[in-house]
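Letters go in sequence order (proteins before strands), and every chain restarts at 1. Heavy atoms only: backbone and side chains are in, while hydrogens, waters and symmetry mates are out.
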There are 2 protein chains.
Amino acid sequence: MRMAKGVEWALHTLLNLDMVGGGPVGSGQLAEAHGLSPSYLNKQLQQLARAELVVSVPGPRGGFSLAKPLETITLLDVVVAIEGAAELFQCTEIRCSGKIGELSPPPKGACAVSAAMRRAEQSWHDALAAQSLADIKADLDRSPLVRQIVRSALT
Amino acid sequence: MRMAKGVEWALHTLLNLDMVGGGPVGSGQLAEAHGLSPSYLNKQLQQLARAELVVSVPGPRGGFSLAKPLETITLLDVVVAIEGAAELFQCTEIRCSGKIGELSPPPKGACAVSAAMRRAEQSWHDALAAQSLADIKADLDRSPLVRQIVRSALT
DNA sequence: GTAATGATACTCGGATATTGGTTGTCCGAGTGACCGTGG
DNA sequence: CCACGGTCACTCGGACAACCAATATCCGAGTATCATTAC
């Protein structure tokens with residue numbers, strides 16, 4: 001069980017898009033900034049576009065730009081955009097299969113195991129939703145030359 | 001990103017092992033109870049044995065039995081036993097690669113993105129560690145005939 | 001009758017295929033920019 | 001000098017392969033049981 005690399009790529013790329021300013025930036029430049037596969041980063045950016053976190057501009061001088069300010073983008077938004085909204089723990093209802101399932105009456109309530117796992121997952125989601133990309137950007141701005149480096153790398 | 005099925009299998013199997021009593025139960029019977037692949041459940045049980053959540057008894061009349069009371073087994077223990085202790089979000093340090101990486105001085109602090117993701121993951125771990133299998137068993141004991149069904153299915 | 005002994009059946013344990021999903025690559029559709037031409 | 005039209009290069013977008021890990025399966029190693037036999 002490992003989170004897709006695309007999440008890390010997307011997070012850094014979104015931060016870069018903010019630092020560079022408003023204009024659209026091509027996926028090739030964004031990939032070069034961190035030595036990533038351009039085509040694959042492009043695919044991740046399309047996922048972000050579908051989630052309406054970025055807007056895509058076709059044609060020459062096109063590319064991707066932020067759709068909203070970083071303050072309104074949470075870590076959960078990015079994770080869901082890349083990974084999808086499926087739950088980590090997916091209950092297969094094995095309690096209704098096999099010998100035990102045949103002997104038991106059809107269960108009424110929810111599966112206790114599933115409910116417990118869902119509770120834990122909920123607090124993960126809450127913690128992800130509580131942190132916005134602006135918070136992370138504030139950390140990066142501790143060393144103010146970062147912004148200059150990003151801007152010069154993306155021109 | 002999806003949690004392995006083995007976690008669900010392990011959780012239900014551990015609960016069954018508790019309900020059936022102290023004697024060892026073969027992986028075949030445990031699998032039949034929920035209609036699972038016997039060999040694959042056996043593999044998961046070996047993982048639980050390495051984590052010292054169950055003890056394995058070889059030979060005829062052998063099988064697996066609980067190594068400690070359910071009160072001392074948390075959801076986190078089971079997840080780590082099956083999935084391993086690796087983190088969901090694994091930082092690749094892409095901030096040190098590509099153009100930006102070459103232009104930047106070697107970073108001093110930890111990656112802000114990684115730190116934020118780790119915070120969220122920590123609260124997931126905390127929530128998993130806060131729930132023991134005894135808590136789940138208490139939920140199941142709402143309908144007291146469950147125990148009888150499990151015992152009759154595992155004899 | 002009792003104890004030793006060998007065969008046997010049953011279990012765990014790990015080595016070996018198979019499948020599904022992530023990762024990576026490629027080419028086509030579409031669009032804005034640029035250049036040349038005519039008014 | 002300005003407006004218009006055609007060509008072009010550049011970008012996104014989705015379809016297509018490669019790789020890795022989870023899933024599933026199989027066979028060998030080890031052990032308690034049971035029957036048999038000798039004392």
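Straight-line distance from the CZ atom of A/Arg2 to the C1' atom of C/dG21: 14 Å, rounded to whole Å. C/dT23 atom P lies 11 Å from atom CE of A/Met3, rounded to whole Å. Protein atom CG of B/Leu48 is 15 Å distant from nucleotide atom C1' of C/dG13, rounded to whole Å. The interatomic distance linking A/Gln46 (CD) with C/dT23 (P) rounds to 16 Å, in whole Å. Residue B/Tyr40 contributes atom OH, which lies 16 Å from atom C1' of C/dA15 at whole-angstrom precision. The distance from atom NZ of A/Lys5 to atom C1' of C/dG21 is 14 Å, rounded to the nearest whole Å. The nearest whole Å value for the distance from the CE atom in B/Met1 to the P atom in C/dG20 is 21 Å.
Environment of CZ in A/Arg61: sparse, with no more than 12 heavy atoms of neighbouring residues, nucleotides or ligands closer than 6.0 Å. Counted within 6.0 Å of CD on A/Gln90, heavy atoms from surrounding residues, nucleotides or ligands total more than 12; the atom is thus considered enclosed. Environment of CD in A/Glu93: crowded, with over 12 heavy atoms of neighbouring residues, nucleotides or ligands closer than 6.0 Å.
With hydrogens and angles ignored, the 3.5 Å screen pairs a side-chain donor or acceptor of A/Asp135 with a backbone N or O of A/Ser132. B/Ser152 places a side-chain N or O within donor-acceptor distance of the main-chain N or O of B/Ile149, the cut-off being under 3.5 Å.
Neither OP1 nor OP2 of C/dT11 sits under 4.0 Å from any side-chain N or O of B/Ser56.
When each of B/Gly59 and B/Leu41 is assigned the nucleotide of DNA chain D with its nearest heavy atom, B/Leu41 is the one assigned upstream, toward the 5' end. Along DNA chain C, the nucleotide nearest A/Pro60 and the nucleotide nearest B/Gly62 are compared for position; the residue whose nucleotide lies closer to the 5' end is B/Gly62. The 5' end of DNA chain D is approached more closely, in terms of each residue's nearest nucleotide, by A/Leu45 than by the other of B/Pro58 and A/Leu45. Comparing A/Ser37 and B/Gly63 by the nucleotide of DNA chain C that holds the closest heavy atom to each, the one mapping nearer the 5' end is B/Gly63.
Listed candidates were C/dG14, C/dT25, C/dT23. Nearest to the side chain of A/Ser39 is C/dT25.
For C/dG24, its base sits under 3.5 Å from the side chain of A/Lys43 at one donor and acceptor pair at least.
Hydrophobic clustering of Ile, Leu, Val, Met, Phe, Trp and Tyr side chains at less than 4.5 Å, counting indirect connections, keeps A/Leu17 apart from A/Val57.
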- Message: Test side chain to side chain donor-acceptor pair (under 3.5 Å) on B/Arg50 and B/Gln47; report intermediate values, then the result.
- Response: CA-CA 5 Å; B/Arg50 277 176 213 159; B/Gln47 296 284 100; 2.9 Å; yes
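In summary, contact between chain B and DNA chain D, defined as any nucleotide atom under 4.0 Å from a heavy atom of the protein, begins and ends at D/dT23 to D/dA32 in the 5' to 3' direction.
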